[in-house]
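Treat the numbers as computed from the prediction; the structure is a model and nothing was measured.
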Amino acid sequence: QVQLVESGGGLVQAGGSLRLSCAASGRTISTYAMGWFRQAPGKQRVFVSAITWSGSTLYYADSVKGRFTISRDNAKNTVYLQMNSLKPEDTAVYYCGRRSLSGSYFDPAQYDYWGQGTQVTVSS
């Protein structure tokens, strides 16, 4: 079993920054790709960013490319999402997930463990 706990969300003005953390416990995530997804009210959970187990390859949704940066520290069993130049449309609950050993990085159905989510609200 893996427990994932997100933190770092909050209320920020447009143009501001937040850094989300996803801390894992129970079992290591160091050999798994990890991803961040977000879900706005009444909408489906959508891909934001993913990182391979080694951190050598990063993936981003077009909507966040150039503004968000994913990283990981395997020694701390933690994944991060640095969010800069935030926009009101970034408002959502952000979830981190552990990707199964195979499958698309962009499909939430390919992730087998999820955190409880952290709310990010960007005011205009």
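- Here the side chain of S49 pairs a donor or acceptor atom with the backbone of Y59 at under 3.5 angstrom.
- A chain of hydrophobic side-chain contacts below 4.5 Å, direct or via other Ile, Leu, Val, Met, Phe, Trp or Tyr residues, connects V64 to Y94.
- Not a single donor-acceptor pair under 3.5 Å links the side chain of S124 to the backbone N or O of P88.
- Rounded to the nearest 0.5 Å, atoms SG (C96) and CD (E6) are 4.0 Å apart.
- Heavy atoms only, all atoms of each residue included: L11 and S123 are closest at CD1-CB, 4.4 Å.
- One distance of note links CZ of R72 with CG of N77; it measures 8.5 Å at 0.5 Å rounding.
- T52 places a side-chain N or O within donor-acceptor distance of the main-chain N or O of T57, the cut-off being under 3.5 Å.
- Enclosure of atom NZ in K65 by more than 12 non-hydrogen atoms of other residues, nucleotides or ligands within 6.0 angstrom is indicated.
- By the criterion of side-chain heavy atoms lying less than 4.5 angstrom apart, applied directly or through intervening Ile, Leu, Val, Met, Phe, Trp or Tyr residues, L58 is not grouped with Y105; the two fall into different hydrophobic clusters.
- Looking only at side-chain heavy atoms (C-beta outward), Q39 and Y95 come within less than 4.5 Å of each other.
- In this structure, F47 and F37 have perpendicular ring planes: the angle between them is above 60°, well past the 30° mark.
- Both V122 and W36 sit in one connected hydrophobic cluster of ILVMFWY residues. Membership requires side-chain heavy atoms under 4.5 Å apart, directly or through other members.
- Here the shortest heavy-atom pairing between G117 and V93 reads CA-CG1, 3.8 Å.
- Side-chain atoms of S54 come within 3.5 Å of backbone atoms of S56 as a donor-acceptor pair (strictly under, hydrogens ignored).
- Between R99 and Y111, the side chains place no donor N or O within less than 3.5 Å of an acceptor N or O (distance only, hydrogens not considered).
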- Message: Could you go through Y60 and F68, starting from their C-alpha distance and side-chain angles, then the distance that decides it, and tell me whether this counts as ring-ring contact (aromatic ring centres under 6.0 Å, His included)?
- Response: CA-CA 8 Å; Y60 296 98; F68 290 11; 8.2 Å; no
- Message: For a side chain to side chain contact (heavy atoms under 4.5 Å, CB included) check, start with the C-alpha distance between I29 and V2, then their side-chain angles and the critical distance, and finish with the verdict.
- Response: CA-CA 8 Å; I29 59 169; V2 175; 4.2 Å; yes
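- A heavy-atom distance below 4.5 Å is found between the side chains of R38 and S63.
- In this structure, CG in L81 is found 10.5 Å from CD1 in I51, a value given to the nearest 0.5 Å.
- A distance-only check finds no donor-acceptor pair linking the side chain of S17 to the backbone of N84 [under 3.5 Å].
- The distance from the CH2 atom of W114 to the SG atom of C22 is 10.0 Å, given to the nearest 0.5 Å.
- Side-chain atoms of D112 and R98, non-hydrogen and from C-beta on, do get closer than 4.5 Å to each other.
- A24 and L4 get closest at one heavy-atom pair: CB-CD2, 3.6 Å.
- For Q1 against Y113, the heavy-atom pair with the smallest separation is OE1-CE2, 3.5 Å.
- Note that OG of S30 and NZ of K76 are 15.5 Å apart. Values are rounded to the nearest 0.5 Å.
- Residues T121 and V12 have side chains not in contact (no heavy-atom distance under 4.5 Å, counting atoms from C-beta outward).
- Between the side chain of R45 and the main chain of D107, no donor-acceptor pair closer than 3.5 Å is present.
- For T91 (side chain) and E89 (main-chain N/O), no donor-acceptor pair under 3.5 Å exists by modelled atom type.
- Ion pairing of K87 with D90 is absent here, as no side-chain N (NZ or NE/NH1/NH2) approaches a carboxylate O to less than 4.0 Å.
- Just one of L20, N74, I70, D73 meets the side-chain contact (heavy atoms from CB on, under 4.5 Å) condition when paired with V79; it is I70.
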